[in-house]
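Being a predicted model, the structure only gives us computed values, none of them experimental. Throughout, numbering of the chain's residues begins at 1 and tracks the sequence.
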Amino acid sequence: MTTPMVKAEEVYKSFGALDVLQGINLEVAPGEVMCMIGPSGSGKSTFLRLINHLEKLDAGRLWVDGELVGYREKNNRLYELKDREVCAKRAEIAMVFQRFNLFPHLSVLENVTIGPTKVKHQPASEAKERAADLLARVGLGDKVKAYPNQLSGGQQQRVAIARALAMDPKLMLFDEPTSALDPELVGEVLDVMRNLAESGMTMVVVTHEMGFAREVGDTVVFMDGGRIVEAGNPREVLVNPQNERLRNFLSKVL
């Protein structure tokens, strides 16, 4: 059997008295696009951050490509990995945020090359060549010398995707990547993500773009109150939801 790219088993997470995730169980196969939908505060973004060990789980187990995220297990107990080990694993998992988080003082090309040269110690010439190819892939081959403040929001988000791809990740996480964009710029980012999906990239996407989830997603997961309420093929779940809470949600967003 193929090892899941992501496997969550009874994952719990709280912030103080607030229970954000309450027993999440799911699997993402290699090459699968999973879209996570649900109201704000349902735990979607927190779950993404757990996959990248930007947050620490309180209970349960979480694996990426067969390896525990942020921990090693001995005698049925978890021991957190050292920062250096966590960073090495995190380099294999790319995350694209709502805000682009580009370095304003670096050019577009420099933003894309900084990770491979500083983290993976790639030769600068190799990293620049790869960055130029990736920028062309996301439709920004003519912007290599530009700076972030010279770009639209959609262009900046495409640079952020190219920067993530420059690390050659095995998994890409998208946390509402179009929510900070003007409506007319959303399509250009979704087109890049659509092409990534077609290339076989494994993706977990937190999104409010139901059209994208229906068209590109292999699986859609609806979360509410820190739980998975309904999951399945998006062409079925979004058209004929079985759960009343999901029906109410879709009536407001579709």
Problem set entry | Whether Gln242 side chain and Asn240 backbone form a donor-acceptor pair below 3.5 Å | yes

Exercise. Among side-chain atoms of Gln122 and Thr117, is any donor-acceptor pair under 3.5 angstrom?
Worked result: no

Exercise. To the nearest 0.5 Å, what is the distance between CD (Glu230) and CG (Asn243)?
Worked result: 5.5 Å

Exercise. Counting distance only, does the side-chain N/O of Ser14 pair as donor-acceptor with the main-chain N or O of Ala17 below 3.5 Å?
Worked result: no

Exercise. Between the side chains of Ser45 and Asp175, is a donor N or O closer than 3.5 angstrom to an acceptor N or O?
Worked result: yes

Problem set entry | Met172 vs Thr202 side-chain heavy atoms within contact, under 4.5 Å | no

Problem set entry | Pro104 versus Tyr147, closest heavy-atom pair with distance | O-CD2, 3.7 Å

Exercise. Does Glu215 pair with Arg194 as a salt bridge, N-O distance under 4.0 Å?
Worked result: yes

For this session: Please list, chain by chain and in numerical order, all residues satisfying ring pair (Phe, Tyr, Trp, His ring centres under 6.0 Å) with Phe249, sequence neighbours excluded.
Result: Phe222

For this session: Establish whether Trp63 and Met203 are linked, either directly or via other cluster members, by ILVMFWY side-chain heavy-atom contacts under 4.5 Å.
Result: no

For this session: Mind checking the CD1-CG spacing from Ile24 to Leu50? Nearest 0.5 Å is all I need.
Result: 9.5 Å

For this session: Taking the side chain as every heavy atom from C-beta outward, state whether Val221 and Phe47 have any pair of such atoms under 4.5 Å apart.
Result: no

Exercise. Are Ser199 and Arg137 close enough that some pair of their side-chain heavy atoms sits under 4.5 Å apart?
Worked result: yes

Exercise. Is the shortest distance from a Lys or Arg side-chain nitrogen in Glu9 or Arg61 to a carboxylate oxygen in the other one below 4.0 Å?
Worked result: no

Exercise. Do Asp168 and Arg130 meet the salt-bridge criterion of a basic N to acidic O distance under 4.0 Å?
Worked result: yes

For this session: Would you mind reporting whether Leu26 and Met34 have side-chain heavy atoms less than 4.5 Å apart?
Result: yes

Exercise. Taking all atoms of both residues into account, what is the closest heavy-atom pair of Pro169 and Ala164, and its distance?
Worked result: CD-O, 3.4 Å

Exercise. Any side-chain heavy atom of Leu196 within less than 4.5 Å of one from Ile161?
Worked result: yes

Exercise. Is Val216 reachable from Leu173 through a run of hydrophobic residues whose side-chain heavy atoms are each under 4.5 Å from the next?
Worked result: no

Exercise. Under a 4.5 Å side-chain heavy-atom rule over Ile, Leu, Val, Met, Phe, Trp and Tyr, are Leu250 and Val205 clustered together?
Worked result: no

Exercise. Considering residues, nucleotides and ligands other than Asp83, do more than 12 of their heavy atoms fall under 6.0 Å from its CG?
Worked result: no

Problem set entry | Shortest non-hydrogen contact between Pro39 and Asp224, atoms and distance | CG-OD1, 3.3 Å

For this session: State the NZ-CG distance between Lys7 and Asp65, to the nearest 0.5 angstrom.
Result: 13.5 Å

Exercise. So how far is it from Leu238 CG to Met210 CE, rounded to the nearest 0.5 Å?
Worked result: 7.0 Å

Exercise. What about the rings of Tyr71 and His53, do their centers lie closer together than 6.0 Å?
Worked result: yes

Exercise. For the residue pair Leu48 and Phe174, what are the closest heavy atoms and their distance?
Worked result: CD1-O, 3.3 Å

Exercise. Do the charged groups of Glu85 and Lys82 touch, with an N to O distance under 4.0 Å?
Worked result: no

Exercise. Hey, what do you get for CD (Gln156) to CG (Asn149), rounding to the nearest 0.5 Å?
Worked result: 8.0 Å

For this session: Looking only at non-hydrogen atoms, find the nearest pair between Gly154 and Val189 and report the distance.
Result: O-CG2, 3.7 Å

Problem set entry | Check: Val159 and Leu102 side chains under 4.5 Å, non-hydrogen atoms | yes

Exercise. Should the heavy atoms of other residues, nucleotides or ligands under 6.0 Å from NZ of Lys120 be counted, would the total exceed 12?
Worked result: yes

Exercise. Hydrophobic clusters join Ile, Leu, Val, Met, Phe, Trp and Tyr when side-chain heavy atoms are under 4.5 Å apart, directly or via other members; which others share one with Leu81?
Worked result: Val86

Exercise. Honestly curious: do Val108 and Val192 fall in one hydrophobic cluster under the side-chain, below-4.5 Å linking rule?
Worked result: yes

Exercise. Would you call Met193 and Pro177 a side-chain contact if the rule is heavy atoms closer than 4.5 Å?
Worked result: yes

Exercise. Under 6.0 Å from the CZ atom of Arg99, do we count more than 12 heavy atoms belonging to anything else shown?
Worked result: no

Exercise. In terms of hydrophobic clusters joined by side-chain contacts under 4.5 Å, are Val64 and Leu54 together?
Worked result: yes

Exercise. At what distance, to the nearest 0.5 angstrom, does CZ of Arg49 lie from NZ of Lys44?
Worked result: 14.0 Å

For this session: Consider only side-chain N and O atoms of Glu55 and Thr46, and report whether a donor and an acceptor are under 3.5 Å apart.
Result: no

Problem set entry | Worked check of side chain to side chain donor-acceptor pair (under 3.5 Å) between Thr207 and Glu176 | CA-CA 5 Å; Thr207 185; Glu176 298 187 22; over 6 Å; no

Problem set entry | Side chain to side chain, Thr178 and Glu209, heavy atoms closer than 4.5 Å | yes

Problem set entry | Minimum-distance pair of heavy atoms, taken over all atoms of Glu188 and Gln155 | OE2-N, 3.2 Å

